[in-house]
Amino acid sequence: MNDDELDELLRTMAPTPSARAQSTAVLVAREIRQPTRGVAALSGPKTRRRVVVAAAAAAALALAGAGTLAAYQLSIPPFQTLEKGVARSHSGIPFVYTNSLGRRVECLAFIEYENLDQQQRAAIEKLSKSRRWDGYGQRVLAKIAMPKASPEEQNAAIVDVIHQDLWQAAHEVVPSMVYMRVSDGPVYHGSSTSCAGPGGVDGRP
Amino acid sequence: MAGPDQASVEDAIEANTHALLAFFLRRTEVPEDAADLLSDTLLVVWRRRAAMPSESAEARMWMFGVARKVLLTQKRGSRRRSALHERLREELAQASGAAGEATYLSEVCEALLQLDRLDQEIIRLTYWDGFTLAEAARLLHMPEGTIRSRHHRARAQLKRILAAAPVSMPVEG
């Protein structure tokens, strides 16, 4: 094999996404930037410091470093809210836990859905009043069993558990709901959380 | 710094989305992870768009710089998912099991994995992602001379490895 053959081989052997995946990636990119009607739902109570965190941002936030974390979160613009056709529950499901720094982190979790009728939306809103959420944050913290992890890692793992728990809870009250699929019927589209601690989402000082 | 307007950011993202997805696909063991990394990267790009250079080649470099940082700080789980995002994950998973040139591909990839990690990345950046050596040096934050000599060494090493286990070139058409 001469140098030209090697160069040609290396160039042609680049793993490449399928045309279908590439098309979908463009749609994902457009979805991420799309400003929609979710903004109002996120403006929320003004009486407490409130930081909206779409969980997708977790890895990205690591770039910022602790010192600027809150600034990043507070600067989240509308594109990170909801896609067209998707709604978010107005009543947040509360969860509170004490992180690995011993700091209290107060959060609300929201269900995002599509194609729900009025009765189904009411059932989703009613979920936040359930007693099942009493002590929920600490239970999830115990479940992830990461007592020595960083506050960010704990928060990320907690959000993952909550995402699944909200799906189960939503499915119980809207049995026809499907999990994150494209459908004309009721869809559990995702979840988002909003946390406040002494220094922001993860409770860092 | 005012940064580029929304339309310019959208254009830059649209122009580089395929390349960014490919960039992640070439660096993840689980193909579906490329979907998560792409989403994370685009979120950061939007959030930090004020820092995006207005010139398109520089914007591309900047976006890949973000992509590399996202890759290096990748964390398990913790994502806001959407139906489209799940669809992309499924499509990446399906495609990985049906590549027509899988045999050739895996032989080259295995050869690549025998190189030093930095050398692997230099080869990926230059041959697969289409960066020049100077651009690769910028992305890796290393002197261009170092990248140039390591690139030369990595090619020679790859040639030896592939010669020991000959790879047939796929026939075009």
Got a sec, which pairs hit salt bridge (Lys or Arg N to Asp or Glu O under 4.0 Å) with one end in residues 55-64 of chain B, sequence neighbours left out? B:Glu58-B:Arg138
Segment of A:Leu27 engaging chain B (4.5 angstrom heavy-atom cut-off): both
Proximal component of B:Leu25, with respect to chain A [non-hydrogen, under 4.5 Å]: side chain
Does a side-chain heavy-atom distance below 4.5 Å link A:Met177 with A:Ile124? yes
Checking B:Ile13 against chain A: side chain, backbone, both or neither under 4.5 Å from a heavy atom? side chain
Quick one: what part of B:Arg155 sits under 4.5 Å from any heavy atom of chain A, side chain, backbone, both or neither? both
Residue list, side-chain hydrogen bond (donor to acceptor under 3.5 Å, both in side chains) with A:Asn115, at least two apart or on another chain: none
One option among A:Asp3, A:Val26, A:Asn2 has the most heavy-atom pairs under 4.5 Å with chain B, and it is A:Asp3
Looking only at A:Leu6, A:Asp7, A:Val28, the option with the highest number of non-hydrogen pairs under 4.5 Å against chain B is A:Asp7
Answer yes or no on whether A:Arg132 is positioned over the face of A:Tyr136, meaning its NZ or CZ is under 6.0 Å from the six-membered ring centre and within 45° of the axis. no
Is the ring pair A:Trp167/A:Tyr188 parallel, tilted or perpendicular, if the boundaries are 30 and 60 degrees? tilted
